[in-house]
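Lettering follows sequence order; numbering is per chain, from 1. Excluded from the calculations below are hydrogen atoms, water molecules and symmetry mates; all remaining heavy atoms, backbone and side chain alike, are included.
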Amino acid sequence: MPELPEVETVRRGLSPSFVGARIARAEARRPNLRFPFPERFVARLEGRRVQDLRRRAKYLLADLDSGETLAMHLGMSGSFRVEEQPVGQFYHPRGKPSHDHVVFDFESGARVVYNDPRRFGFMDLIETVRLDKHPLFADIGMEPLGPEFNAAALAAALEGSRAPLKAALLDQRRIAGLGNIYVCEALHDARLSPMREAGSLKRSETTKLARAIKQVLEAAIEAGGSTLRDHRQTDGQLGYFQHNFAVYDREGAACGHTRCGGIVSRAVQAGRSTFYCGACQS
DNA sequence: CTCGTCCCCTGGGAGC
DNA sequence: TGCTCCCAGGGGACGA
């Protein structure tokens, strides 16, 4: 599910519950998600106050007053929901598995539940001062909404890459937080072919692309992210940026660019769908 | 190194 | 209805 805009939407939704709050009780309802939970996971959470809730790439980072940071990745299907009035312990509609895997009960009485049917998400506890050097974060590239991101920085990140543009933009070591949806959308916005060799862009093209990436991400955050099936804002609301997709999941539809007249195509790159307009993206 | 392929897992939708 | 097959927002482990 979640790319940068969805994770940022979740961060904003969770902040009122997390920041400044103390975790009175935590619960992991299984030993692992994609990876095992860290040693003594629950014990290291209980009694801790959350000092800040940040985002880096597609990770949520809750800084605890113990000097550790709870790093959370939502994988493909992870979501959080906030229950001001906890609904109950093991509510399984129609007996189906709930996929509620982690529960945070705060002193305030608020409950935050992490749900993840596919369990591609994971959580870890990392010493805060060493976070940037941790293997999960050491190689992650620049934030596209950060102050250091511009056409020159993008050009530098793509320089020398012989990979298709699509694959290079998905590579978290070059740029952080982009996924399949927003890469497709940004490339269409910038009228660049996903098949272009990443290192071959001219300066005018990296300028257009940098602008498109920022614009698409900001618009998606504004819309509360995109809900294809799983993504919810933490209050249960759907995101609605999917209604603004120009190409993603729109194979056969008309290209929205003025006077283009092209049709959206689907191709497979690196095992994943790429949506683009062959008429105006070059 | 850098690239492409496969795989982890569950559920939803299409097609028969 | 109920199969079966295909596909899905991420990214780590491989092998070439």
(Q) For the base of C:dG10 and the side-chain ring of A:Phe120, does the geometry meet a stacking cutoff of under 5.5 Å between centres and under 30° between planes? (A)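 Aromatic stack with C:dG10 present for A:Phe120.
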Spacing of [X] atom [atom1] relative to [N] atom [atom2], expressed in whole Å:
{"X": "A:Leu136", "N": "C:dG11", "atom1": "CG", "atom2": "P", "result": "11 Å"}
{"X": "A:Tyr59", "N": "C:dG12", "atom1": "OH", "atom2": "C1'", "result": "10 Å"}
{"X": "A:Asp171", "N": "C:dG10", "atom1": "CG", "atom2": "P", "result": "13 Å"}
{"X": "A:Asp139", "N": "C:dA13", "atom1": "CG", "atom2": "P", "result": "13 Å"}
{"X": "A:Phe245", "N": "C:dA8", "atom1": "CZ", "atom2": "C1'", "result": "12 Å"}
{"X": "A:His101", "N": "B:dT10", "atom1": "NE2", "atom2": "C1'", "result": "10 Å"}
{"X": "A:Arg162", "N": "B:dC1", "atom1": "CZ", "atom2": "C1'", "result": "13 Å"}
{"X": "A:Gln233", "N": "C:dG9", "atom1": "CD", "atom2": "C1'", "result": "16 Å"}

Q | Complementary nucleotide of B:dC9, counting Watson-Crick and G-U pairs under 3.5 Å | A |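 The answer is none; no pair meets the criterion.
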Q: Under a 3.5 Å limit for both distances, which nucleotide forms a Watson-Crick or G-U wobble pair with C:dG15, could you say?
A: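 With both distances under 3.5 Å, C:dG15 matches B:dC3.
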Q: Could you measure between the two P atoms, the one in C:dC3 and the one in B:dC9, and give it in whole Å?
A: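 C:dC3 and B:dC9 have their P atoms separated by 23 Å.
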Q) Rounding to the closest angstrom, what is the interatomic distance between C:dC6 and B:dC6 at atom P? A)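 Between the two P atoms, the distance is 14 Å.
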Q | Any donor-acceptor N/O pair, A:Gln281 side chain to A:Cys277 backbone, under 3.5 Å | A |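 Yes.
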Candidate nucleotides [options], ranked by approach to the side chain of [X] - the nearest:
{"X": "A:Arg119", "options": "C:dG10, B:dC9, C:dG12", "answer": "B:dC9"}
{"X": "A:Ser161", "options": "C:dA8, B:dC3, C:dG12", "answer": "B:dC3"}
{"X": "A:Lys58", "options": "C:dG11, C:dG9, B:dC8", "answer": "C:dG11"}
{"X": "A:Glu3", "options": "C:dA8, B:dC3, C:dG10", "answer": "C:dG10"}
{"X": "A:Arg118", "options": "C:dG9, B:dT10, C:dG11", "answer": "B:dT10"}

Q) Near DNA chain C, which residues from residues 262-274 of chain A have a heavy atom under 4.0 Å away? A)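 When residues 262-274 of chain A is checked for heavy atoms under 4.0 Å from DNA chain C, the hits, listed by number, are A:Arg266, A:Arg272, A:Ser273.
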State whether [X] places a side-chain N or O below 4.0 Å from either non-bridging phosphate oxygen (OP1 or OP2) of [N].
{"X": "A:His99", "N": "B:dG11", "result": "yes"}
{"X": "A:Arg174", "N": "B:dC3", "result": "yes"}
{"X": "A:His73", "N": "C:dG10", "result": "no"}
{"X": "A:Tyr248", "N": "C:dG9", "result": "yes"}

Q. Under 3.5 Å, is there a donor-acceptor pair linking the side chains of A:Arg266 and A:Ser273?
A.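 Short answer, yes.
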**Q.** Test item: A:Leu178 and A:Leu4 side chains (from C-beta on) under 4.5 Å apart, heavy atoms
**A.**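 No; the side chains remain at least 4.5 Å from each other.
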**Q.** A:Phe104 and its side chain to side chain contact (heavy atoms under 4.5 Å, CB included) partner, picked from A:Val82, A:Leu70, A:Val113
**A.**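 The side chain to side chain contact (heavy atoms under 4.5 Å, CB included) with A:Phe104 is passed solely by A:Leu70 among A:Val82, A:Leu70, A:Val113.
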Q | Ring geometry between A:His73 and A:Phe122 (parallel below 30°, tilted from 30 to 60°, perpendicular above 60°) | A |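 If you compare the ring of A:Phe122 with that of A:His73, the planes turn out parallel.
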Q. Parallel, tilted or perpendicular: which fits the ring planes of A:Phe37 and A:Phe41, with parallel below 30° and perpendicular above 60°?
A.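 Parallel, since the angle between the ring planes stays under 30°.
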Q: Please figure out whether A:Arg229 or A:Ala163 has its closest DNA chain B nucleotide nearer the 5' end.
A: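 So the residue in question is A:Ala163.
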Q. When the ring centroid of A:Phe18 is compared with that of A:Phe106, is the distance short of 6.0 Å?
A.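 Between A:Phe106 and A:Phe18, which both carry aromatic rings, the centre distance is below 6.0 Å.
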Q. So, do A:Tyr59 and A:Phe137 have ring centers that fall under 6.0 Å from each other?
A.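 So the answer is yes for these two rings.
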